[in-house]
Amino acid sequence: MAKKIRWGILGTGNIADSFASDLQLLGDAELVAVGSRTQKSADQFGSKFNIPRRHSSYAALAKDKSVDVIYISTPHTLHCENTLLCLNNGKHVLCEKPFAMHAHEAQLMINTARAKKLFLMEAVWTRFIPLSVKLRAMLAQNVIGEVRMLQADFCFNAPFNPNGRLFNAELGGGALLDIGVYPINLASMIFGAPERMTGMAHIGQTGVDEQNAILMGYSGGRMATLYSSNRIDSPIEAVIMGSQGTIRLHRFMHRPDRMTFTVSGKPEETIHMPIDGNGYGYEAEEVMVCIRAGKTESNIMPLDESLIIMKTMDALRQQWGLRYPADRARDGFSLH
């Protein structure tokens, strides 16, 4: 077995918990350090996962020489700051989505990683789950002919808490950045960058989008209709429509383990591919494969695509008049 790659986790919230659990399923990964804002939180997390090095600050984790790569699981508004901290201390980075608050931050992150020749990837775990790999292969083989349309939704009814992460503008709340990024990412994986787009959003009392609907257009008349909301429930499915059939990703489309497909003139077929653990181990495996190969980014979730997706969400927010405190002018950036 290859030498184990040593991981650190920055942030100790629920998603960090799931990621840490999945790292323990990988024989070539070693979780050696955690960083939190308090020693108590770092100790609690460290005890739960038997992590030897427990830091009371993010900076201390970033400077820990025993760590090769750091997984960043903090709120959206801290992604850029935390990523730059880790990169500037010589660490490879896997950063949770959304990659940043806006494209200017994303560009800073990418520029820094490339200048320092360090690995950086947005943690779009969906792309690495076995069924997603199978889906890409089927589309590449034109199983349903030319893909013409996509419909995808991700909505859940969250209890309203104006100070909570989902509704607080100071924390980058709202549906688009938190869950709308999943349908947008799927559309990007299938069609690439949109040539045109329009959308509508309901901006709630805390100033964030509580629900939105997006229509994207691509070359040759291809289209995607996407929905997200944190105030209603939805099927959380995706339907990919081609000239010779359809593919349906069943609930949950962001963590797919079952899809049905129908090719014209043939019976419907179902593919079921179970997921190991919580589903985060697959993206960690990709990170380690890339690092061992000396690569600084993934071909499956490349940095330029993460940047395009951030620009797409910036453009939608411009249409909706959705602004965050993080959009204040910085180094010449301003989202009008």
Side-chain angles (χ1 to χ4, degrees), residues 1-100 109-110 112-113 116-125 128 277-298 301 303 306:
M1 180 180 292
K3 180 181 178 182
K4 289 187 177 182
I5 287 180
R6 302 167 300 177
W7 286 82
I9 292 182
L10 192 152
T12 55
N14 290 336
I15 197 166
D17 194 293
S18 297
F19 188 84
S21 295
D22 283 0
L23 272 186
Q24 295 183 331
L25 302 176
L26 306 178
D28 57 346
E30 185 178 9
L31 180 51
V32 300
V34 60
S36 186
R37 290 173 295 180
T38 67
Q39 191 64 56
K40 180 180 178 181
S41 177
D43 287 339
Q44 289 176 339
F45 194 89
S47 295
K48 183 174 183 178
F49 295 103
N50 196 29
I51 304 170
R53 304 176 69 80
R54 307 165 187 181
H55 300 288
S56 61
S57 72
Y58 300 152
L61 172 64
K63 294 175 182 177
D64 190 331
K65 296 185 184 301
S66 70
V67 175
D68 300 313
V69 55
I70 293 177
Y71 168 66
I72 292 173
S73 64
T74 48
H76 312 337
T77 48
L78 295 176
H79 287 179
C80 179
E81 175 185 328
N82 296 158
T83 295
L84 294 178
L85 172 66
C86 295
L87 292 172
N88 285 324
N89 280 279
K91 302 298 188 294
H92 303 296
V93 173
L94 173 64
C95 180
E96 257 311 324
K97 36 147 225 13
F99 198 42
M109 296 156 66
I110 292 168
T112 302
K116 293 184 174 295
K117 295 180 173 56
L118 291 166
F119 181 86
L120 174 63
M121 188 180 84
E122 183 179 9
V124 185
W125 58 307
F128 305 95
N278 300 300
Y280 295 99
Y282 303 106
E283 65 179 355
E285 288 180 321
E286 171 71 3
V287 172
M288 294 190 292
V289 166
C290 290
I291 290 174
R292 288 194 174 101
K295 298 175 63 174
T296 55
E297 61 183 284
S298 166
M301 190 64 241
L303 293 174
S306 289

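- Here the straight-line distance linking atom OG1 of Thr296 with atom CG of Leu120 works out to 9.0 Å at 0.5 Å rounding.
- Between Lys63 atom NZ and Asn88 atom CG the span is 11.0 Å, to the nearest 0.5 Å.
- Between Leu31 and Ala20, the closest heavy-atom pair is CD2-CB, 3.8 Å.
- Here the NZ-SG distance, from Lys116 to Cys86, works out to 12.5 Å after rounding to the nearest 0.5 Å.
- Enclosure of atom CZ in Arg292 by more than 12 non-hydrogen atoms of other residues, nucleotides or ligands within 6.0 angstrom is indicated.
- The backbone N or O of Ser36 sits nowhere less than 3.5 Å from a side-chain atom of Arg54 that would complete a donor-acceptor pair.
- A distance of 5.5 Å separates OG in Ser298 from CE in Met121, rounded to the nearest 0.5 Å.
- Judged by distance alone, with hydrogens and angles left aside, the side-chain atoms of Glu122 form no donor-acceptor pair with the main-chain N or O of Met301 at under 3.5 Å.
- With Glu283 contributing its side chain and Trp125 its backbone, the two residues share a donor-acceptor pair below 3.5 Å.
- Under a 3.5 Å cut-off, the side chain of His55 and the backbone N or O of Ala33 do not form any donor-acceptor pair.
- For Ile15 against Tyr71, the heavy-atom pair with the smallest separation is CG1-OH, 3.5 Å.
- Side-chain contact check for Val289 versus Lys295: every heavy-atom pair is 4.5 Å or farther apart.
- Ring pair Phe45/Phe49 is tilted by interplanar angle, where 30° to 60° counts as tilted.
- Annotation: side chain of Leu61 is in contact with side chain of Ile70 (closest heavy-atom distance under 4.5 Å).
- The nearest pair of heavy atoms linking His79 to Pro98 is ND1-O, 2.6 Å.
- Pairing each heavy atom of Glu297 with each of Cys290, the nearest pair is O-SG, 4.0 Å.
- For the pairing with Val67, the side-chain contact (heavy atoms from CB on, under 4.5 Å) check across Lys91, Glu30, Arg6, Arg53 returns one residue only, Lys91.
- When atom types are taken as modelled, the side chain of Asp22 and the backbone of Asn278 share a donor-acceptor pair closer than 3.5 angstrom.
- Smallest separation of non-hydrogen atoms from Ile9 and Gly11: CG2-O, 3.3 Å.
- For the pair Phe99 and Ile110, the minimum side-chain heavy-atom distance is below 4.5 Å.
- Side-chain contact check for Asp17 versus Lys48: some heavy-atom pair is nearer than 4.5 Å.
- Residues forming a side chain to side chain contact (heavy atoms under 4.5 Å, CB included) with Glu285 (at least two apart in sequence, or on another chain): Leu26, Tyr282.
- Under a 3.5 Å cut-off, the side chain of Ser56 and the backbone N or O of Gly35 do not form any donor-acceptor pair.
- With hydrogens and angles disregarded, no donor-acceptor distance shorter than 3.5 Å links the side chain of Asn82 to the backbone of Ile72.
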Item checked: side chain to side chain contact (heavy atoms under 4.5 Å, CB included) between Ile291 and Val69, intermediate numbers included -> CA-CA 9 Å; Ile291 290 174; Val69 55; 4.0 Å; yes
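- Rounding to the nearest 0.5 Å gives a distance of 5.0 Å between CG of Leu84 and OG1 of Thr112.
- To the nearest 0.5 Å, atoms CG (Asn50) and CD (Gln24) are separated by 8.0 Å.
- What you find for Tyr280 and Ser18 is that their closest heavy atoms are CE1-CB, 3.5 Å.
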